[in-house]
Amino acid sequence: MKNLIKIKSSLGIIATTLLMTIGVACSDDILDQNNNNATSTANFGTSVEQVESAINGAFHPITGTFFWGRIVHTGAMLRSDEFNVFPFGSNTAMSTFQGNPGDRWATEPWQELYKSIARCNNIIINVTEEGISDTTTRENLVGQAYFLRAFDYWYLANLYGNVPLITDLPDLDNLLVKQVNTDAVWKQIISDLEMAESMLPENWTGDNLGRPTSGAATALKGKSYLFMKEYGLAATALNSLVGKYSLLPAAQFGDNFTTTNENNSESVFELQFLGQDTFVWGSDIPGTGSMGNFHIDYAPPSKSPDRSHVVNPWLKDLFEANGDTARRNETLVYDYPGATGYGGVAFATDMVDDIIAANDAGVEPIFSRKYSGMDLGERDAVDFLGTNVGNNWRIIRYADVLLMLAEALNEDGSTAEAIPHFDEVRDRAGLSLIADTNPTISQADMRQAIIEERAMELAGEGHRFFDLVRWGLADDYMGATSLHGAHPKSLSGGSFENGKHELIWIPNSERDANPTLDQNPGYE
């Protein structure tokens, strides 16, 4: 899929042009020329290669710099209590709960997600039996568009809340689309994922490896039901995946975050990235943009143009209290025995400037390893913008599925049934098992155990903030006072405000273009 989505996309990102082909009259015949290389709306959907290229075009805004490639991390993901962000002007205002609608980073994710949605709509509506007669081939193609549209709306709902729900081609007479409530968005997400489940294959092979599968659709459906607090439905969906994937051995836990062993047996769905020499910042140009600029946000302070962050000590303490070195060593970097920085250089040697920066700021020198580029070689070998970072981002891992299943069962009153799935994750890390230490654990204690296990297993992977919000714990840990003791945003002085910071603001530019859009609470 690295070839198809990132390299083959250089054949052309065609979907938007399919939607927006406009004839312009001109008196000069020389300007009235046909483009023999273009694909028009009249013949779109008549070849497999053409639709594959359109699907690649629908993925491109998602992996590009202005969404998962970087910007969603700068704002949305770094909001969690894992990260104490060094303030860097408007670049960090969202991640430190100090941003407002005039600041940066809310606009680009909104635009990129709707760009992807428009391209998915075009595929879903226009790829028919008449154009591609083979049912399996056609459904494998269209199923990807259903999955990606659900993925897009999942993040729109969790980032912005009430958003416009668009499932048709553009209507030039009705461009001011109103927001709908999140219930309608969740309903569409479930509907799209059920279509994707029925159309996508269980596995892809060859150059298609890494494309969304029926299992990926089921996992995202189960996750969606969990967020909707439909615990029975979540458990049913997630349980159907048990045994279809497998956890990597503890010694290979780090393979889940590096360029090694991508799309492995633990991977349910990952976004495909490829370090590229051709770099145009935030551009939707074929052959550019699918590199890990998220390196800027996860690299240590001296390696990041934006000063990055330190990891808060509560997470280190949680690993150490559990005796969890296998996952800790692939998640964090600090002065534990054998710790190394870039290229395997000793921590105290490689990260001396980062240690000084942390000490000068009065915080512990604890840094992120996941997605920081440390696996790619010594620090000078890793571009400071991350253009040569090609780590696929694992969106859903089997470990996440097992923990979500345990949570759904526990919340549905089946705590005993939750234990084996929870313990499978613990067992891989070499930790004590609930079945051995507390087989009659209460629902409340199991809930807390799952919260802590998710923190260790999934640290730095983009889940924690959304988890805290859905659990109703965001204010407890990131409000004006924090259950962690030291405030997780102490470097900036920002804090989470209940009833506001669960969501980010609706971009001013979008509200100017569409006056029907209401602003989110607290940002008026």
Side-chain angles (χ1 to χ4, degrees), residues 2 5-6 9 13 59-80 82-83 85-96 99 103-116 151-152 155-156 158-160 257-259 270-309 367-376 379 382-395 460-466 504 507:
K2 288 210 174 196
I5 283 191
K6 296 173 229 174
S9 64
I13 296 175
F59 271 99
H60 199 265
I62 302 308
T63 56
T65 307
F66 281 163
F67 191 63
W68 210 277
R70 200 230 161 167
I71 298 305
V72 76
H73 304 277
T74 304
M77 302 308 181
L78 295 185
R79 288 179 295 171
S80 88
E82 299 157 302
F83 307 111
V85 177
F86 283 97
F88 195 74
S90 62
N91 278 21
T92 57
M94 185 188 295
S95 61
T96 59
D103 291 325
R104 303 174 73 176
W105 305 142
T107 303
E108 290 85 354
W110 175 286
Q111 293 176 342
E112 299 306 285
L113 286 165
Y114 276 111
K115 190 185 297 181
S116 176
F151 175 93
D152 295 338
Y155 280 95
L156 280 167
N158 282 284
L159 291 171
Y160 299 96
F257 320 108
T258 70
T259 56
E270 55 194 70
L271 289 175
Q272 311 291 303
F273 284 88
L274 185 70
Q276 294 175 279
D277 293 331
T278 305
F279 177 61
V280 181
W281 183 264
S283 177
D284 194 20
I285 297 172
T288 70
S290 295
M291 67 281 290
N293 302 126
F294 48 72
H295 166 267
I296 296 171
D297 296 303
Y298 297 96
S302 70
K303 183 64 176 165
S304 169
D306 280 10
R307 300 183 67 205
S308 193
H309 64 268
F367 309 104
S368 294
R369 178 175 292 279
K370 289 180 182 177
Y371 300 111
S372 65
M374 291 182 187
D375 60 301
L376 299 178
R379 63 172 52 215
V382 183
D383 181 72
F384 84 117
L385 290 178
T387 59
N388 63 340
V389 173
N391 304 47
N392 287 358
W393 194 288
R394 282 63 164 186
I395 299 294
E461 296 181 47
H463 302 285
R464 175 73 177 180
F465 181 84
F466 298 132
I504 61 178

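Just so you know, these numbers use all the heavy atoms, side chains as well, and skip hydrogens, waters and symmetry mates. All residue numbers refer to positions in the sequence shown, counting from 1.
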**Message:** To the closest 0.5 Å, what do you measure between NE2 (His295) and OG (Ser304)?
**Reply:** 7.5 Å
**Asked** Does any non-hydrogen side-chain atom of Leu113 lie less than 4.5 Å from one of Ile62?
**Response** yes
**Message:** Checking the side chain of Lys303 only, and the main-chain atoms of Val382 only, is there a donor and an acceptor separated by less than 3.5 Å?
**Reply:** yes
**Request:** State, with a plain yes or no, whether a side-chain heavy atom of Ile395 is found less than 4.5 Å away from one of Leu271.
**Result:** yes
**Item:** Where Asn91 and Thr74 come nearest, the two heavy atoms and their spacing
**Value:** O-CG2, 3.0 Å
**Complete:** Tightest non-hydrogen contact, residues Pro507 and Tyr160, listed as CD-CE2, 4.1 Å
**Request:** Would you check if the distance from the ring center of Phe273 to the ring center of Trp393 is below 6.0 Å?
**Result:** no
**Message:** Could you tell me if the side chain of Ser308 sits less than 4.5 Å from the side chain of Phe367, heavy atoms only?
**Reply:** no
**Message:** Would you say that Phe67 contacts Val72 through its side chain, given a criterion of any heavy-atom pair below 4.5 Å between the two side chains?
**Reply:** yes
**Item:** Contact summary for Arg104 and Ser90, nearest pair of heavy atoms
**Value:** CD-OG, 3.3 Å
**Prompt:** Below 4.0 angstrom, N of the basic side chain to O of the carboxylate: do Glu461 and Lys370 qualify?
**Reply:** yes
**Prompt:** So do the side chains of Leu159 and Phe466 get within less than 4.5 Å of each other, counting heavy atoms only?
**Reply:** yes
**Item:** Identified side-chain hydrogen bond (donor to acceptor under 3.5 Å, both in side chains) partner of Asp297 from the options Arg70, His309, His73
**Value:** Arg70
**Prompt:** Looking at side-chain heavy atoms only, is the closest gap between Gln272 and Ser290 below 4.5 Å?
**Reply:** no
**Request:** Just say parallel, tilted or perpendicular for the rings of Tyr298 and Phe294, cut-offs at 30° and 60°.
**Result:** perpendicular
**Prompt:** Do the side chains of Ile504 and Trp105 get nearer than 4.5 Å, heavy atoms only?
**Reply:** no
**Prompt:** Would you say Asn391's side chain and Phe257's backbone share a donor-acceptor pair under 3.5 angstrom?
**Reply:** yes
**Request:** To the nearest 0.5 Å, tell me how far Asn293 CG sits from Thr65 OG1.
**Result:** 4.0 Å
**Rounded distance (nearest 0.5 Å) linking atom CZ of Phe83 with atom CZ of Phe465** = 12.5 Å
**Item:** Expected output: side-chain Glu112 to main-chain Trp110 donor-acceptor under 3.5 Å
**Value:** no
**Pro109 side chain reached by Tyr155 side chain, heavy atoms, under 4.5 Å** = no
**Request:** Check step by step if side chain to side chain donor-acceptor pair (under 3.5 Å) holds for Arg379 and Ser302.
**Result:** CA-CA 10 Å; Arg379 63 172 52 215; Ser302 70; 3.0 Å; yes
**Item:** Closest non-hydrogen atom pair, Ser116 against Pro61
**Value:** N-CG, 4.2 Å
**Complete:** Between Ser283 and His60 the two heavy atoms that sit nearest each other are O-CE1, 3.7 Å
**Charged tip of Arg307 within 45° of Phe88 ring normal and under 6.0 Å** = no
**Asked** From Leu385 CG over to Ile296 CD1, what is the distance, rounded to the nearest 0.5 angstrom?
**Response** 4.5 Å
**Prompt:** So which heavy atom on Pro300 is nearest to which on Met374, and how close?
**Reply:** CD-CE, 4.1 Å
